[in-house]
Amino acid sequence: MNELLSRINSNNFEVSFKQIIKDKLPPAVARIALLVTTEYEGIFRNGGIGTYYRTLSERLAAEDFYVVLLLCQSQEKFAGESTIPAVKHIFSTSECIDVLELQPTHLAILSQLQHGEWVDYESYCALFFAQAIATTFPNAYIYIEFPEMLGLGYRTVQAKRTGILGENCVVAVTLHSGQEWLQEAHARYTHSHPDWFWQTSHYEQYSFEQADLAFFLSHFLKEKVEKYGWKTSHAKHLPYCFSVIEQPLQTITLRNDLQWLVDEDKIPLVFFGRLEERKGLFTFLEAIELLESNLIEKVHIIFLGKNVELQAEGLQGLDSQQYIKQKLGSNCYTIVTDLFSQEAIQLVSLLRCAIVCLTSSQENFPHTALEMGQLPVSLIVSDTGGFRETLNLIGRTGGVRWFIPKDVRSLAQAMIEAISVYPEKLGVPMREFLHVVNQRLLNQRFEYMKQAFCQTATSPATHLDRSEPRQWILGMTSIDEQLFLENYAQNEYSGRGEIVELGCWFGSSTISLAMGLEANSYVTNKSQRIHVYDIFIWSSLGGMQQNVIGTSLEGKYKDGDSFLDEYLERINPWSHLIHVHPGDLAEIGWQQGEIECLFIDAMKSWELTNSIVKNFFPYLIPEVSLVIHQDFAHYYTSWIHLIMYRLREYLVPIEHPFIYSSRAFRYVKLIPNEVLQNSYSFDSFLETEVEAAFSYSLDITPKKMQPNILAAKVMYFIHIRNFEKAKLEFKKSILQLDDFEWLELADVQRHAKMHYSIDLLS
């Protein structure tokens, strides 16, 4: 550990804000986010990382985070003042000494680094701001996020690992564009300052590998850094939330000097992005030179991006504008270099059916594609991983022409094709769908943050919701569901009957039940009282692969593999409490006596539903047994609602907290044998009973779960192949819900398109 950092730790020198800043801060906040970045859209004229942090700040603020922005490599001084609604306070590292109460040790550190070692200087300043926030808000949940670039989080990550920052703090690092990748993307393989380059690269790698949370936006860049020797097994794949572009952009006024571009009769051919080598400027210009003169006469070329000094060999001293003039001479082109991101988007949207070129040879997760993909423009796109992943995320496929990265002829051919069919009539992703994608990403981020906090916090602050006695266990159950099962097994389970779990995957529910049973002081005979059923066969269709991304299990199994050994290893500390039944539960059945708790995560089909009802329900104990449907609020399992409505006088919903997709029922009276032994299917239910069943399910579920029930109803009509009725129900549900309540409905739409080629919105 660095000697200076050790001195801070050993002497426990406190950092705080000066009184003039303290006066601007509230006495307490519940959740605070410190976002550290070199770019922020709205303060600087850029997109990319700046847009990422603007959008992230808005999303966090909407979830009641108190957001503080710290700008690195900026000489502007803000003194904590902010005119950005989502950000409560803005600071820059250049005002560290002005706004923080630093001890002599801290001042000595900065004094040693002020001349020359600017990366370390910025990194220490970021740490001191983090310490000041931790001192000011000792009872808050503190989330700190850095980009990996320049290793700005290096000292803060070190400090967190050595205990300088409190346990109520989570430090995250997101993979954007580190030094090694930037050098490769610019085709620069020699370094004018190699010592600086390799030290900074080390800082970037260490920060990413040692942070509490590490995010990568695209698999493309993750694979790149792995080739550089970075460890990524702990990292979470999380594309960033993006701005949903509302049409028209009424809040932005187009600059007067740009109106003539909108009125131009020629075809607008737009280079969209920073005017540099890495963004494909050279490839674009060379492709233009290959076009026939009759095509050139039809187009007006618009370069829409930041002017920069070129770095390529032989071009030092030239900037983008000078080089474009050299290459194109008097051809009809315009360079627009000084727009904010929203202004640039508006200009493109107002152009007459623009053809937009995204020509980077390599991209991480380009915001340009997220933005342009939402507009009704023709797209010519470099076929590199980042662009593919971005456009796939928002479902943009129409009007996209791919070309081979760096291949001038391939790009020229794509231009010729786009010009020849101009103008194209194009569809764009639905606004509601984009909101759903965003909300899903945001929910995933908060789940990761919650998991990271549970893993780092051992001595909770008083005001936080710390009902969790332990960290989340890997599985397809939420922490709330796990706690519900643990509490039941510890405090309610009497031991009169057995605990049966149908469907357990890697054992998050099994372990929760076992932990509760082990702590149960009432039940004396605990040996193998938990009976678990699963086929223990890997299937990516069941979401298994998606749920292990970023864990040690990612890539370990392929479809058809058995994961029984992994399950047994995970439950090993409680194996004396558990009887494992590997195989098909329909074939194995149940002959072990009364069932006091039946946890069902296996009603994936009518066949399994009938088997469970016939083989397990007869052993339930009236007025005692609990039945928990883990898939009650899952869009696919529509039959659960029909069965539970038919059995509603025997199984009554109990009051319990909202727990993800689960619903618990008390078995109140004996179900007649003829009801149990009947074989059910969709044909067993008249339309009136179907309507009543879903109305019943809506009535017995919290409001937050009701969109899921509506999705299951739409899925019912898809299951029975009544696609017109499914479309009607889908559109009716949309009208009832806000944009952010579309999550399960979006899954239904995706399922309908994938398996039935049906568009529910048509």
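We use all heavy atoms of the structure for the numbers below, so side chains are in, but hydrogens, waters and symmetry mates are not.
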Can you see whether [X] engages [Y] through a side-chain donor-acceptor pair at a distance of less than 3.5 angstrom?
{"X": "Ser662", "Y": "His629", "answer": "no"}
{"X": "Tyr40", "Y": "Ser57", "answer": "yes"}
{"X": "Tyr52", "Y": "Glu145", "answer": "yes"}
{"X": "Asn364", "Y": "Ser218", "answer": "yes"}

Residues forming a side-chain contact (heavy atoms from CB on, under 4.5 Å) with [X], sequence neighbours excluded:
{"X": "Ser360", "value": "Lys279, Glu363, Phe387"}
{"X": "Ser177", "value": "Ile49, Met149, Trp181, Leu182"}
{"X": "Leu728", "value": "none"}
{"X": "Lys731", "value": "none"}

Only pairs at least two apart or in different chains count here, so list each salt bridge (charged side-chain N to carboxylate O under 4.0 Å, His left out) that has a residue in residues 706-725. Glu691-Lys713, Lys713-Glu729, Glu724-Lys727, Lys725-Glu729
Give the ring-plane orientation class for [X] versus [Y], where under 30° counts as parallel, over 60° as perpendicular and anything between as tilted.
{"X": "His751", "Y": "Tyr635", "result": "perpendicular"}
{"X": "Phe563", "Y": "Trp505", "result": "perpendicular"}
{"X": "Phe65", "Y": "Tyr143", "result": "perpendicular"}
{"X": "Phe682", "Y": "Trp606", "result": "perpendicular"}
{"X": "Tyr636", "Y": "His719", "result": "perpendicular"}

For this output row, return yes or no: ring centroids of Phe717 and Phe723 closer than 6.0 angstrom. no
Rounded to the nearest 0.5 Å, what's the gap from CD1 on Ile709 to CD1 on Ile640? Could you check?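 It is 9.5 Å, given to the nearest 0.5 Å.
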OG1 of Thr283 to CD of Glu277: how many Å apart, nearest 0.5 Å? 10.5 Å
For [X], what residues pass the ring pair (Phe, Tyr, Trp, His ring centres under 6.0 Å) criterion, not counting sequence neighbours?
{"X": "Phe284", "value": "Phe271, Phe303"}
{"X": "Phe208", "value": "Trp230, His234"}
{"X": "His634", "value": "none"}
{"X": "Phe694", "value": "His641"}

More than 12 foreign heavy atoms under 6.0 Å from NZ of Lys222: is that the case here?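 Buried by this count: over 12 neighbours within 6.0 Å.
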Glu343 side-chain N/O to Phe340 backbone N/O, donor-acceptor pair under 3.5 Å: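 A pair under 3.5 Å: yes.
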What side-chain hydrogen bond (donor to acceptor under 3.5 Å, both in side chains) pairs are there with at least one residue in residues 381-390, not counting sequence neighbours? Asp383-Arg388
How would you list, by chain and number, every residue that makes a salt bridge (Lys or Arg N to Asp or Glu O under 4.0 Å) with Glu286, sequence neighbours excluded? none
Residues two or more places apart in sequence or in another chain: which of them pass salt bridge (Lys or Arg N to Asp or Glu O under 4.0 Å) with Lys227? none
